[in-house]
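The chains referred to below are lettered A, B, ... by the order of the sequence lines, with proteins before strands, and numbering in each begins at 1.
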2 protein chains.
Amino acid sequence: MKTTRSTTAKTAIYELIMNSDVALSHSEIQKLAGDLCDRVTIYRILDRLVIEDVIHKIATPDGLLKYAVCQKTEKHSHNHIHFSCENCLSVTCLDAVEPIFEVPENYSIKGVNFTVSGFCPNCS
Amino acid sequence: MKTTRSTTAKTAIYELIMNSDVALSHSEIQKLAGDLCDRVTIYRILDRLVIEDVIHKIATPDGLLKYAVCQKTEKHSHNHIHFSCENCLSVTCLDAVEPIFEVPENYSIKGVNFTVSGFCPNCS
DNA sequence: AATAATAACGCAACACTGTTGCAATAAATT
DNA sequence: AATTTATTGCAACAGTGTTGCGTTATTATT
């Protein structure tokens with residue numbers, strides 16, 4: 001069977017995302033990582049971390065992908081709101097807030113991606 | 001002042017989006033439009049239609065941008081849920097459903113982008 | 001209806017984002 | 001230490017979106 005290995009690049013990138021208070025895009029991670037590894041490797045590491053469920057992917061209203069480690073509460077939930085600042089373009093997880101919604105019963109739900117945009121506390 | 005003009009390409013593209021029951025991406029519109037106009041023109045027309053507030057932009061969980069004309073109810077609201085099918089990749093507006101949520105008061109809200117993903121009625 | 005002003009267009013070129021194949025490297029197991 | 005193979009780097013490619021500029025076509029004005 002296919003196992004997963006922990007490499008220097010993978011741990012370093014996980015640390016970057018872990019220690020950031022905003023969600024990071026691939027290009028932001030690339031800048032932060034410097035010459036840690038090739039940019040293709042960053043893509044592959046991000047994919048793996050998402051599959052391993054230690055980070056999650058967020059699409060901003062402009063279609064840019066960002067990655068964040070969410071606070072794991074009692075049971076981990078991706079069912080929370082993200083805030084996307086139109087001014088500084090930062091994306092943050094609003095872990096405390098859980099949206100309430102319903103969909104028609106013939107739809108089956110596998111995941112949610114809720115993003116509210118506007119101005120964050122720093123930019124208001 | 002800068003005025004807006006109605007051209008054949010613009011009306012045709014608006015018709016395409018209008019008559020589609022799912023949200024359309026740029027490339028889908030390009031295929032449907034054939035040799036109606038250059039692909040750069042499609043980008044510019046989409047931007048204008050969004051600014052004119054007759055269509056709205058949706059980011060799928062994979063960061064792909066799609067465009068749709070939403071049903072205008074009594075007062076037009078972009079504050080509804082979109083459904084993104086993981087199988088057929090279609091995006092539809094669930095106009096009837098309005099999510100309930102709260103954000104901390106130091107955030108100011110200008111827009112929302114709520115996408116639920118899973119399997120649509122056709123793919124369940 | 002002809003003219004003038006300029007929004008919109010086509011084309012070419014570019015920048016950014018993400019993917020794939022393959023040989024080389026390094027992590028985990030024996 | 002040797003073996004297995006997951007992971008990496010590199011090169012090349014594909015898709016997505018943008019910009020500049022000369023030309024075309026829409027709209028308003030005469």
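- For the pair H26(A) NE2 and dT16(D) C1', the computed distance is 16 Å after rounding to whole Å.
- Taking the side chain as every heavy atom from C-beta outward, I55(A) and L46(A) approach each other to under 4.5 Å.
- Within a heavy-atom distance below 4.0 Å of DNA chain D, the residues of residues 40-48 of chain B found are V40(B), Y43(B), R44(B).
- Panel note: side chain S20(A), backbone A23(A); no donor-acceptor pair is recorded below 3.5 Å.
- F114(A) and F101(A) have perpendicular rings, their planes meeting at more than 60° on a 0 to 90° scale where under 30° would count as parallel.
- A salt bridge links E52(A) and K10(A); the closest N-O separation between the charged side-chain nitrogens and carboxylate oxygens is under 4.0 Å.
- Aromatic ring pairs are classed by plane angle as parallel below 30°, tilted from 30° to 60° and perpendicular above 60°; the pair H82(A) and H56(A) is parallel.
- Between the S117(B) side chain and the E86(B) main chain, no donor and acceptor come within less than 3.5 Å of each other.
- Within residues 10-20 of chain A, no residue has a heavy atom under 4.0 Å from DNA chain D.
- A close approach under 4.0 Å does not occur between any side-chain nitrogen or oxygen of T3(A) and OP1 or OP2 of dT4(D).
- Counted by atom type alone, Q30(B) and S27(B) present zero donor-acceptor pairs between their side chains at under 3.5 Å.
- Computed from coordinates, the D35(A) CG to dC10(D) C1' distance equals 15 Å when rounded to whole Å.
- Straight-line distance from the CG atom of L36(B) to the P atom of dA8(C): 16 Å, rounded to whole Å.
- Without hydrogens or angle criteria, S124(B) side chain to C120(B) main chain gives a donor-acceptor distance under 3.5 Å.
- Taking OG1 of T92(B) as the start and CD1 of I58(B) as the end, the distance is 8.5 Å to the nearest 0.5 Å.
- Listed here is the closest heavy atom pair of V22(B) and S90(B): CG1-CB, 3.9 Å.
- The distance between atom CG of D38(A) and atom P of dC22(C), rounded to the nearest whole Å, is 18 Å.
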Check nucleotides 24-26 of chain D against the protein and report each pair of N or O atoms closer than 3.5 Å, with its distance, or say if there are none.
from	atom 1	to	atom 2	distance (Å)
dT26(D)	O2	R5(B)	NH1	2.7
dT26(D)	O2	R5(B)	NH2	3.2

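- A straight line from CG of L65(A) to P of dG17(D) spans 12 Å, rounded to a whole angstrom.
- Look at CZ on R39(A): it is 12 Å from C1' on dT20(C), rounded to the nearest Å.
- Rounded to whole Å, atom C1' of dG17(D) lies 17 Å from atom NZ of K66(B).
- Between E28(A) atom CD and dC16(C) atom P there is a gap of 14 Å when expressed in whole angstrom units.
- The shortest distance between side-chain heavy atoms of I13(A) and T41(A) does not fall below 4.5 Å.
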